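Side-chain atoms are counted along with the backbone in the values below, which use heavy atoms only and exclude waters and symmetry mates. Chain identifiers are assigned alphabetically (A, B, ...) following the order of the sequence lines, protein sequences preceding nucleic acid strands; residue numbering begins at 1 within each chain. The model shown is predicted, which means the values in this text are computed figures rather than measured ones.
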Amino acid sequence: MHPTSETEFPQSAGPEDLTPSQQRVVSHRDGPLLVLAGPGSGKTRVVTRRIAQLVASGVSPHNILAITFTNKAADEMARRVEELLPGSRVWVSTFHRFCARLLRRHAEFVGLKPNYTILDTSDQKTALKAIVRDLDIDAVLFSPARIGYEISNAKNDLIDAESFVRKYDESVADHRTAIVARVYPAYQKWLLDSNAVDFDDLLLHVATLLSENEELRSELSARYRYLLVDEYQDTNRAQYQIVAALGAAHGNVCVTGDPDQSIYGWRGARIENILRFERDFPATTTIRLEENFRSTKAILRSADRLISYNRQRKVKTLVTDNGEGEPVELLIYENEIREAEGIAEQICDAVERGDRDWSDFAVFMRVNALSRQLELALMRRRVPFQVAAGAAFYDRAEIKDVVAYLRLLYNPADRAAFLRVVNTPLRGLGETSRRRLVNWADRQGVTLLDAAARAGEIESLSKRAARGFAAFAETVSSLSLADAGSVEHLLAQALERTGYLRQWQGSSSEKDQERVANVQELLSAARQFDANYGEETSLEGFLEQTALISDTDALDTSRGKVTLMTLHAAKGLEYPVVFILGLEQGLIPHERATRDAGLRELEEERRLLFVGMTRAREELYLTQTEQRSFRGRTLRTIPSDFTPELECSVRRPGRSPSALPTWRPLPATADGTIDAARPLLTTAADLLNGTNAAAKLPIGFSVGSQVRHPRYGVGTVVDVGGFGHRRTVTVAFQADDRRETFVAAKSPLQPIGRPAP
DNA sequence: CAGGCCGTGCTTTTT
DNA sequence: GCACGGCCTG
């Protein structure tokens, strides 16, 4: 069984292996369909079956378009459709890929040429830095990254540069908005001059294209008569508009999703999109898939209990016929080293006993930076593992450099690509010379590459610099796919003629050797691409693939490896045994979500944990440390506000039994009922002795809770103030009427629960 | 112009 | 803790 695919079922066709709800989804033919699918409810399977059913009932595969969020989901769905309908060629694509293709065909409409290139975030930063400098903006105040984030948000909300400026003119805006209003249009001009787009443009341009071009819209509506959109709860406004435009004419729009798994609000996803689908598409059929085929009862109950604390939510029940299974456990360790060791040991033990394979295990964390100690612990034990993300392959400098050569070749106007490689490897073309070249090119209205070819005409340049530019231009123009025959050979030629690898060859440094190896890896990726596409191989296709690839795509699903990844990356996956690291304030929920005390963000954090928990099939472990080093500092931790909301047992591995907390009966759940089903189990709430009231405060210490201080002893919290890392708590200590105020994050205060009634 | 040293500040999450 | 940017030197 694939550890990374959703719960699989017998593949035999026929309705008998479907639940009645699932069957209704599969057999639904025309008109809008909303599928609210809980975790592990067999959603992917049902959707693929529905596609097969459409084809069986006479719909041409050509008329079906399935859109997913990630490449992995698209591949998985395509694989399953292929299984059911060999050779049917239904188009399964991600939003970004679909838009990239469409834009390729209609580039002129938005002022681009068909050979546009796609910028990544680091190119974006380069561009913004140059723009901020040219506009003479006080860059100290707002980093290019910050401005880029604002622009990205605007684009996701369908606000193009002109609208942004107009809105700014009409309103009394703050300083930041004023700066963005200047940078945004300049950035778009820069992109247009570069014949390039960023990720968000792919969506925005296509949304614009569809809303302004009636003819194209009806052509596409006619072509894609049946739309299926997965993870609809994570669509942003731009994606929403694309779906609406494509589906308006026929209304054959089937969206699937789960509001409880909406975890991308921070990058513009609008949970409302799924909540208002029924209003947007009148006469929608809504079907709920609430039966879970993945997890044990214990896991599901704990996750369900957690998510029930969200107020902004459509209530949905999760049920399963699966067995009770092992209780969910909260493992408490002294520090992150013990934590890593504990997890590694537990994994090794299970594998050595023969109970499990390495690939049965996954460890999720809130932020990538947290994986370090665990990686070390796994390495010490020679446990095979893989990390999704971290320094993703296509994010590495050497890979970006080499790809930039190809980009420049394909799109000679690509400024970011030019500036990236013109002096890589070093050609003595420093900052000053480059700026002179750019100025000249802009005055002449030619591309940077053209300017480099004509460097002899640029008077401000030194002889040496002029020669360097000319040589660079010549090298680039000597390369062509037609001559090379394949992308792989083209790459090899580029490497050879630029002498790119020479800078590291012969070096004994491990880093340098890794760089060379990475470039070799890119060569074999190119070879693979050539092989896949044969005669059809193209630079365009290869560049699109490299630009739109993501971290999790590289995950090795079949081989025996423990997998480490962020909670976000875990969506859509499942594993027999799951560990979730760091159930601590500031981590889960993340500090940013607690800082402004915004309920929206806090609830998204809760959903994130919910997503992580519901990935587990048989065993689920959550960990917490008493102190954790992070960003080079060691701090005492505060247990997560979410801990009391879970149903789990608490264990302190490596401690004597006397250190165990006293177990008490379950406290009331959110709706006030007592869960009497498992009286022997305690919730982690008992550790904090938190009642639900205590859990309502957004930060760890709440008024009335008892704490211990190493010097002053036991006391009661009488006041809290401030936010985030500035959060303060005032404690009245029992000994000599002492009252002290502490900065919560920096104090050695330890919560020990409420005084007994 | 390049390379090295030192200080700062940062990080959520990703197509 | 680490990466990046700024500054200084060769």
Side-chain angles (χ1 to χ4, degrees), chain A residues 67-74 93-100 118-122 124-126 129 139-140 143-146 148-149 152 155-156 197-204 231 234-236 238-239 262-269 336 364-373 376 388-392 394-395 397 423-435 462 464-465 468 503 511 544-553 565-571 582 586-595 601 604-605 607-609 611-612 629-634 725:
Chain A
I67 299 179
T68 64
F69 231 69
T70 65
N71 294 305
K72 191 166 30 136
S93 178
T94 65
F95 267 108
H96 287 83
R97 217 171 268 270
F98 171 76
C99 290
I118 303 168
L119 258 55
D120 64 36
T121 18
S122 79
Q124 244 177 77
K125 236 174 89 185
T126 311
K129 226 168 19 187
V140 189
S143 66
R146 173 78 214 205
Y149 177 74
S152 172
K155 287 181 177 177
N156 286 332
V197 299
D198 61 25
F199 287 133
D200 307 308
D201 278 340
L202 287 171
L203 304 176
L204 180 60
E231 308 282 16
D234 283 329
T235 51
N236 59 35
Q239 288 159 332
S262 161
I263 55 175
Y264 285 105
W266 55 272
R267 68 168 198 211
E336 76 280 0
F364 304 150
M365 50 214 94
R366 181 62 236 264
V367 293
N368 275 312
L370 236 53
S371 68
R372 218 190 143 63
Q373 285 305 327
L376 293 173
Y394 286 94
D395 274 346
N423 199 31
T424 331
L426 296 172
R427 298 184 177 91
L429 303 170
E431 174 71 25
T432 321
S433 301
R434 292 204 296 269
R435 202 171 319 174
S462 73
R464 261 183 49 161
Q503 49 187 325
K511 271 212 165 126
E544 187 184 294
Q545 188 173 87
T546 55
L548 297 180
I549 205 140
S550 74
D551 299 335
T552 40
D553 293 338
M565 70 179 95
T566 64
L567 285 165
H568 282 90
K571 192 173 71 170
L587 232 38
I588 306 175
H590 192 269
E591 191 213 338
R592 258 166 107 120
T594 58
R595 198 160 30 193
E601 288 177 24
E604 181 155 311
E605 294 290 310
R607 290 194 293 268
L608 189 56
L609 179 56
V611 167
S629 303
F630 193 56
R631 283 192 215 158
R633 294 150 53 84
T634 302
H725 63 284

Cation-pi geometry met for Lys571(A) and Tyr264(A) (6.0 Å, 45°): no
Measure from [atom1] on [X] to [atom2] on [N] and round the result to the nearest Å.
| X | N | atom1 | atom2 | value |
| --- | --- | --- | --- | --- |
| Lys129(A) | dG5(C) | NZ | C1' | 8 Å |
| Ile67(A) | dT15(B) | CD1 | P | 16 Å |
| Lys155(A) | dT15(B) | NZ | C1' | 13 Å |
| Phe199(A) | dT15(B) | CZ | C1' | 6 Å |
| Leu376(A) | dG1(C) | CG | P | 12 Å |
| Tyr149(A) | dT13(B) | OH | C1' | 10 Å |
| Lys571(A) | dT14(B) | NZ | C1' | 11 Å |
| Arg372(A) | dT11(B) | CZ | P | 18 Å |

Side-chain ([X]) to main-chain ([Y]) donor-acceptor, under 3.5 angstrom:
| X | Y | answer |
| --- | --- | --- |
| His96(A) | Leu202(A) | no |
| Glu544(A) | Arg97(A) | no |
| Asn368(A) | Met565(A) | no |

Sub-4.5 Å side-chain heavy-atom contact between Thr235(A) and Phe95(A): yes
Options dT15(B), dC1(B), dC2(C), nucleotide nearest the side-chain atoms of Thr432(A): dC1(B)
Proximity to the side chain of Phe630(A) - top-ranked nucleotide from dT11(B), dT13(B), dT15(B): dT11(B)
Closest-nucleotide ordering on DNA chain B, the 5'-leading residue of Ile263(A) and Ala465(A): Ala465(A)
Leu203(A) and Lys155(A): CA distance, side-chain angles, deciding distance, side chain to side chain contact (heavy atoms under 4.5 Å, CB included) verdict: CA-CA 8 Å; Leu203(A) 304 176; Lys155(A) 287 181 177 177; over 6 Å; no
All N/O pairs under 3.5 Å across the protein-nucleotides 2-10 of chain B interface:
residue: dA2(B); atom: OP1; partner: Gly428(A); partner atom: N; Å: 2.9

Sugar-phosphate only, base, or nothing, as touched by Phe95(A) at under 4.0 Å among non-hydrogen atoms: nothing
Is_stacked (Trp266(A), dT13(B)) at 5.5 Å, 30 deg: yes
Least distance between heavy atoms, Ala73(A) atom then Thr68(A) atom: CB-CB, 3.9 Å
